[in-house]
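These notes concern the structure reproduced below.
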Amino acid sequence: MTSTYMTSMQRVLTSLGQKEPDRVPLFLLLSLHGARELGMSIKEYFSKAENVVEGQMRLLTKYRHDCIYAFFYAPIEVEAWGGEIIFHENGPPNSGRPFIHSFNDIETLMPPHISRSDCLAEVLKAITLLKEKVGDDVPIIGVTMSPFSLPVMQMGFDKYFELMHDQKILFDHLMSINEDFCAAWANAQLEAGATAICYFDPVSSTTIIPRQMYLETGFKIAKRTLARIKGPAATHMASGRCLPIIDDLAQTGTVIVGVSVLEDLAELKTACKGKLTILGNLNGIAMRRWTAADAEAAVKDAILKAGASGGFILSDNHGEIPWQVPDHVLTAISDAVHKWGTYPLSWIKEHG
Amino acid sequence: MDDNSQKGFGKTQSKTNIPAKVHQFEQALLSLDRLAAERVLIDLSDSSVTPSQYVEQIIVPALDHIGSGWEQGEIALSQVYISGRICEELLGKILPSGRQSLQPHPKMAIAVLQDHHQLGKRIVHSVLRASGFELIDYGAGITVNELVDRIKRDEVQVLLISVLMLSSALLVEDVRLQLDRADLDTTIIIGGAPFRFDENLGQEVGAHHTCLNATEGVELVTRLAGIEK
């Protein structure tokens, strides 16, 4: 039986509808590799929207995957707030010293205006240009840090835990400011042409906080914020565990959950069935040293566990493939998806 | 630990169900209830009970169990972090002023290489101190050259490096190379997220040991110090 060819957008939408498209959609969440394609330093690459557009278009063609990833780097939001960014030659830019030095700083904190931020403007320009190129054939994924997870970069993880536990009024105040910023930033990306927003929320994962605390904090914040975002959202745990909160996540209004390699994909699929589409969960760190055979085995295993009946997009488990992952591994992953991910997945029956 | 105090603690132990107290203490930590945790230690108070016995019999087992729980995905990082901080604070109250380490051990230091994500370092720092070890804190954002210079200056024998980013993890190789060139036999212990996702990464970057959580760090440091448990 031969499947009818679909565009990437049709493929993804069909899978989101919990049905089988022509093949398993593949999201290679590549940001840094665009710089390598253009022979530029990472810093130079992200300095101009046109570079990112060219990089993303080359990666789309080269690896035959199913999305444009309009993600520059995680601390770009911190940069917009006036925070320090540190660029590296062989990895993603990192946030520098937190700009909230004491809890009192929160009282006078003002969010940046999206339209007045040069770095955010480059992202919006890139999305606009990418939309002109791919139209409605390929989904463009915009990115925002959740209001609940952004403070890790704003004030540091340790201080943030202390705020969360000991300073309820200031915590609520910070969340209110961050929610306004997050919704505005996500909606600006959607208006520029993004198809959906990846809502990175690793602090909500059960790796970081217990479920009870999530229900009192990140859950409510996600529910409020996602309701203000005027487009579909994918909640990404950036390698954190989420199996114990799958039902809760489904109630936040998200349609996709980015899952960790630390949890079993088959168990996640069962838990998400009919409620959420799974995005994941290839190990991006281990991927650096994979052979073509390793890549094929990992792809095949993921499809075996989560591919049936749609509701699955193959991706890495962190939301950003490391700079050190070589091109031949990415090619092998793509080849394996095209070989083993074509529906119907008849070969799965042979596995019983 | 002197013989008299051992006898004293034995006397207390005969009347007290230590595993139950450890459980009680652990539950107080997981509930992030500083006062309840302190009460468990106060209830155990006996003039003959030494601080090291609190540490060995109550604090270390509780933190060890919490660390294992995190490893298995049953306990969250926020609980691990706050538990370590509470124990560190309690130990500060228990120990005499001008705090000193409870047991002799090699000179140790801890640092976050290159980036500013300090949580992992702070957890390890807290748990080690709560377990009776002292170490120099080199902070975060330190470069390879700065780190090696400080190790030389301070004559550090055991170096703990915490990283969050893969690019920082790969820099450990440069630290090892520079230490080898300087003919220093400092033991490098590494930990952090990248090592959890690639079990061969520690070996690749030349670390002597990899620890996946703070309590593994305590066990390793105890072993390196030649302390019998």
Side-chain angles (χ1 to χ4, degrees), chain A residues 32 42 74-75 83-84 86 88-98 152-153 156-162 164-166 202-214 217 238-244 260-263 283-289 316-318 320 322-325, chain B residues 30-34 66 69-86 112-126 139-141 143 162-171 173-174 192-204 212-213:
Chain A
L32 309 170
I42 290 167
E84 180 191 19
I86 301 166
H88 303 291
E89 286 177 8
N90 62 349
N94 207 347
S95 52
R97 287 179 187 83
V152 172
M153 291 188 284
F157 234 137
D158 46 352
K159 286 278 179 293
Y160 183 42
F161 278 156
E162 288 160 23
M164 211 187 286
H165 288 289
D166 302 332
V203 177
S204 285
S205 92
T206 51
T207 300
I208 307 294
I209 59 169
R211 177 172 178 261
Q212 189 53 43
M213 171 150 269
Y214 168 64
T217 54
S239 303
R241 291 182 171 97
C242 64
L243 193 50
S260 173
V261 73
L262 298 175
E263 291 179 313
N283 186 337
I285 301 287
M287 208 182 273
R288 292 178 309 123
R289 59 171 109 250
D316 72 294
N317 90 135
H318 192 72
E320 183 178 50
W323 167 259
Q324 289 78 9
V325 174
Chain B
L30 291 177
S31 309
L32 315 180
D33 189 338
R34 288 173 169 81
I66 288 170
W70 186 67
E71 199 60 46
Q72 288 156 23
E74 293 161 359
I75 286 170
L77 197 60
S78 63
Q79 294 168 298
V80 178
Y81 172 67
I82 302 283
S83 297
R85 294 301 303 275
I86 292 173
V112 180
L113 193 54
Q114 188 170 272
D115 74 43
H116 288 269
H117 295 93
Q118 296 213 52
L119 185 69
K121 185 208 72 176
R122 291 202 67 177
I123 289 173
V124 175
H125 188 256
S126 290
T143 65
S162 171
V163 300
L164 181 70
M165 317 289 286
L166 175 62
S167 50
S168 306
L170 295 171
L171 285 176
E173 188 170 7
D174 294 341
F195 302 100
R196 302 181 64 76
F197 290 93
D198 182 352
E199 60 185 20
N200 298 315
L201 183 56
Q203 195 180 0
E204 178 187 332
L212 296 182
N213 59 52

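Throughout, protein chains are lettered first and strands after them, A, B, ... in sequence-line order, and every chain is numbered starting at 1.
Between chain B and the options A:Gly156, A:Ser239, A:Gly91, heavy-atom pairs under 4.5 Å are most frequent for A:Ser239. Taking B:Gly73, B:Pro194, B:Gly120 one by one and counting their heavy-atom pairs under 4.5 Å with chain A, the maximum is reached by B:Gly73. Considering only heavy-atom pairs separated by less than 4.5 Å from chain A, the leading option among B:Ser168, B:Ala193, B:Ser78, B:Gly141 is B:Ser78.
For a residue to count as touching a neighbouring chain, one of its non-hydrogen atoms must lie under 4.5 Å from one of that chain's; by this rule B:Glu204 touches chain A with the side chain only. Proximity to chain B (any heavy atom under 4.5 Å) is restricted, for A:Asn94, to the side chain, taken from C-beta onward. Proximity to chain B (any heavy atom under 4.5 Å) is shown, for A:Thr207, by both the backbone and the side chain. Proximity to chain A (any heavy atom under 4.5 Å) is shown, for B:Ile123, by neither the backbone nor the side chain. There is no contact between A:Arg211 and chain B, counting heavy-atom distances below 4.5 Å.
Taken from CD in A:Glu162 to CZ in B:Arg85, the straight-line distance is 5.0 Å, to the nearest 0.5 Å. With rounding to the nearest 0.5 angstrom, the CH2 atom of B:Trp70 is 7.0 Å from the CD1 atom of A:Ile208. For the atom pair A:Asp166 CG and B:Leu32 CG, the distance stands at 9.0 Å (nearest 0.5 Å). Between the CZ atom in B:Phe195 and the CD1 atom in A:Ile285 there is a gap of 9.5 Å [rounded to 0.5 Å]. Rounding to the nearest 0.5 Å gives a distance of 12.0 Å between CE of A:Met287 and CZ of B:Phe197. Summarising the geometry, atom OG belonging to B:Ser167 is positioned 7.0 Å from atom CD belonging to A:Gln324; distances are rounded to the nearest 0.5 Å.
For B:His116, the side-chain contact (heavy atoms from CB on, under 4.5 Å) test picks out A:Ile86, A:Arg97, B:Ala140, with sequence neighbours left out. Every side-chain contact (heavy atoms from CB on, under 4.5 Å) that B:His125 has, sequence neighbours left out, goes to B:Glu88, B:Ile110, B:Arg129, B:Leu135, B:Asp137.
Between B:Asp198 and A:Arg288, at least one side-chain N (NZ, or NE/NH1/NH2) sits under 4.0 Å from a carboxylate O, which counts as a salt bridge.
For the pair B:Gln114 and A:His88, the minimum side-chain heavy-atom distance is below 4.5 Å. Taking 4.5 Å as the limit, some side-chain heavy atom of B:Gln79 sits within range of a side-chain heavy atom of A:Pro210.
Other residues, nucleotides and ligands place no more than 12 heavy atoms under 6.0 Å from the CD atom of B:Glu199. At most 12 heavy atoms of other shown residues, nucleotides or ligands fall within 6.0 angstrom of atom CD in B:Gln203. Heavy-atom neighbours of A:Glu89 CD from other residues, nucleotides or ligands within 6.0 Å: at or below the threshold of 12.
Although no hydrogens or angles enter the test, the distance criterion places no donor-acceptor pair under 3.5 Å between the side chain of A:Asp158 and the main chain of B:Gln118.
Nearest heavy atom pair, residue B:Glu71 against residue A:Arg241, reads O-NH2, 3.6 Å.
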